[in-house]
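All heavy atoms count here, side chains included; hydrogens, waters and symmetry mates do not.
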Amino acid sequence: MHDNPTPASSDLAARPYRPGLQAIFDVVARLRGPGGCPWDREQTHQSLRPYLLEETYELLEAIDLEDDAKIREELGDVLLQVAMHAEIAAQAGRFDAASVSESVAAKMVSRHPHVYGDTEVAGAAEVLKNWERNKLAEAVASGEVPKSVMDRVPKAMPALAWTLGIQKRAARVGLDHQSLDESADLVTGALETLEGGTSLDPLADLGDLLFAVVNMSRKLKLNPEDALRAAGQRFASRFGALESALEAEGKKASETEPAELDRLWDLSKGDS
């Protein structure tokens, strides 16, 4: 993207970047260039990792709020991270933003032969199966040793999202429970093991319970991360109502008897 014409000096005086998508890439190139910002010039792929993660979560929060202005802002912050990483690589002579865009565009064309070719698909499920086959074919063509489909889900993801990811990958190749009832049975069985006090490995059995809940969420076509976050938000809202009720009486939760907390908690449910 650095090969595009440089803006005229009069344009730079008013706005030191080109319009449209190129704008942030111009700004980042200036910040990391000679005489730019010391902080930006010091950044590396590794140092920017926490910022990318933070900006992603902020975008997810904006999406949950369905706030268009906030979504646009947070998408911009994520794009800033893309621009920074691309500029770091470009300055090292490894790759640039243009090659990033072109490579992912080529990949999307290759993996959508039902759009860009003459392949026919029956629906979204078949699209996903073709996607996995195409990824494997690309790996073989490039000389890579074929990886397990499990390896395609980043292990650094939060456990809930990672578990959902590996279950989806397994389902795409045919390993899956076929019905909601089967998934529910897995949840019930894992819960009974823990409740009965017969578990020899509570940590493993609790993991099996959570794994089964994630599996059930797939059958319900719900995202377990969204479900858990919504439950956490309801809990936080109810707890806030409880605290407000106590504050009106000049009390604090930590100084209140459990029975009174339970009563106020039951009342707070009616407000959420």
Side-chain angles (χ1 to χ4, degrees), residues 48-78 80-81 154-168 180-181 183-272:
L48 290 174
R49 290 178 79 254
Y51 300 104
L52 177 57
L53 187 60
E54 179 180 339
E55 299 298 355
T56 302
Y57 279 119
E58 289 182 0
L59 172 58
L60 293 176
E61 183 176 2
I63 291 172
D64 289 341
L65 294 173
E66 299 182 348
D67 183 334
D68 282 350
K70 193 66 175 174
I71 292 173
R72 182 179 64 181
E73 177 186 350
E74 299 303 339
L75 279 170
D77 289 342
V78 172
L80 168 60
Q81 295 300 309
K155 296 180 177 63
M157 292 175 68
L160 197 61
W162 178 73
T163 299
L164 178 63
I166 63 174
Q167 288 188 8
K168 285 183 175 180
L180 179 60
D181 287 342
S183 296
D185 288 342
L186 290 176
V187 173
T188 300
L191 185 58
E192 288 176 347
T193 299
L194 286 167
E195 286 182 329
T198 59
S199 175
L200 298 178
D201 189 344
L203 181 64
D205 290 328
L206 178 60
D208 289 342
L209 174 60
L210 294 173
F211 192 92
V213 169
V214 171
N215 187 67
M216 190 170 183
S217 76
R218 287 192 305 108
K219 293 303 176 183
L220 292 169
K221 299 188 184 304
L222 298 172
N223 188 304
E225 177 72 25
D226 293 341
L228 183 58
R229 185 171 298 277
Q233 289 170 342
R234 289 195 300 272
F235 182 90
S237 176
R238 291 168 183 169
F239 195 83
L242 180 151
E243 288 180 312
S244 296
L246 287 173
E247 185 178 348
E249 299 176 8
K251 300 177 182 178
K252 295 182 179 179
S254 59
E255 301 169 351
T256 305
E257 292 295 324
E260 177 64 4
L261 288 176
D262 287 342
R263 184 185 71 81
L264 292 172
W265 182 255
D266 288 339
L267 290 175
S268 73
K269 291 180 180 180
D271 299 328
S272 302

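Judged by distance alone, with hydrogens and angles left aside, the side-chain atoms of S237 form no donor-acceptor pair with the main-chain N or O of R234 at under 3.5 Å.
Checked against side chain to side chain donor-acceptor pair (under 3.5 Å), K168 has no partners two or more places apart in sequence or in another chain. Under the salt bridge (Lys or Arg N to Asp or Glu O under 4.0 Å) criterion, E61 pairs with no residue at all, not counting sequence neighbours. For L222, the side-chain contact (heavy atoms from CB on, under 4.5 Å) test picks out L220, with sequence neighbours left out. Evaluation of the ring-ring contact (aromatic ring centres under 6.0 Å, His included) rule for Y51 yields W39 as partners, not counting sequence neighbours. For L80, the side-chain contact (heavy atoms from CB on, under 4.5 Å) criterion is met by I24, V28, M84, not counting sequence neighbours. Residues that satisfy the side-chain contact (heavy atoms from CB on, under 4.5 Å) test with E58, not counting sequence neighbours, are E54, E55, E74. By the side chain to side chain donor-acceptor pair (under 3.5 Å) test, S183 is found to be paired with N215, residues two or more places apart in sequence or in another chain being considered. For D201, the side-chain contact (heavy atoms from CB on, under 4.5 Å) partners at least two apart in sequence or on another chain are L203, A204.
Between L186 and M216, the closest side-chain pair of non-hydrogen atoms is not below 4.5 Å. Inter-residue side-chain proximity for T56 and L52 is flagged as met; some heavy-atom pair is nearer than 4.5 Å. Counting only heavy atoms from C-beta outward, the side chains of L228 and L160 approach each other to under 4.5 Å.
Sorted by first and then second residue, the pairs that involve residues 216-227 and meet salt bridge (Lys or Arg N to Asp or Glu O under 4.0 Å), not counting sequence neighbours, are D176-R218, D176-K219, E225-R229. Each ring pair (Phe, Tyr, Trp, His ring centres under 6.0 Å) pair with one or both residues in residues 231-260, not counting sequence neighbours, appears once here: F235-W265. Within the structure, every pair that satisfies the salt bridge (Lys or Arg N to Asp or Glu O under 4.0 Å) test and touches residues 155-166, not counting sequence neighbours, is listed here: D151-K155.
For CD of E247, the number of neighbouring non-hydrogen atoms (other residues, nucleotides, ligands) closer than 6.0 Å is 12 at most.
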For a quick test of your reading: what N or O donor-acceptor pairs under 3.5 Å do the side chains of residues 256-264 make, sequence neighbours left out?
unit_1 : atom_1 : unit_2 : atom_2 : d
T256   : OG1    : K252   : O      : 2.7
E260   : OE1    : R263   : NE     : 3.0
E260   : OE2    : R263   : NH2    : 2.6

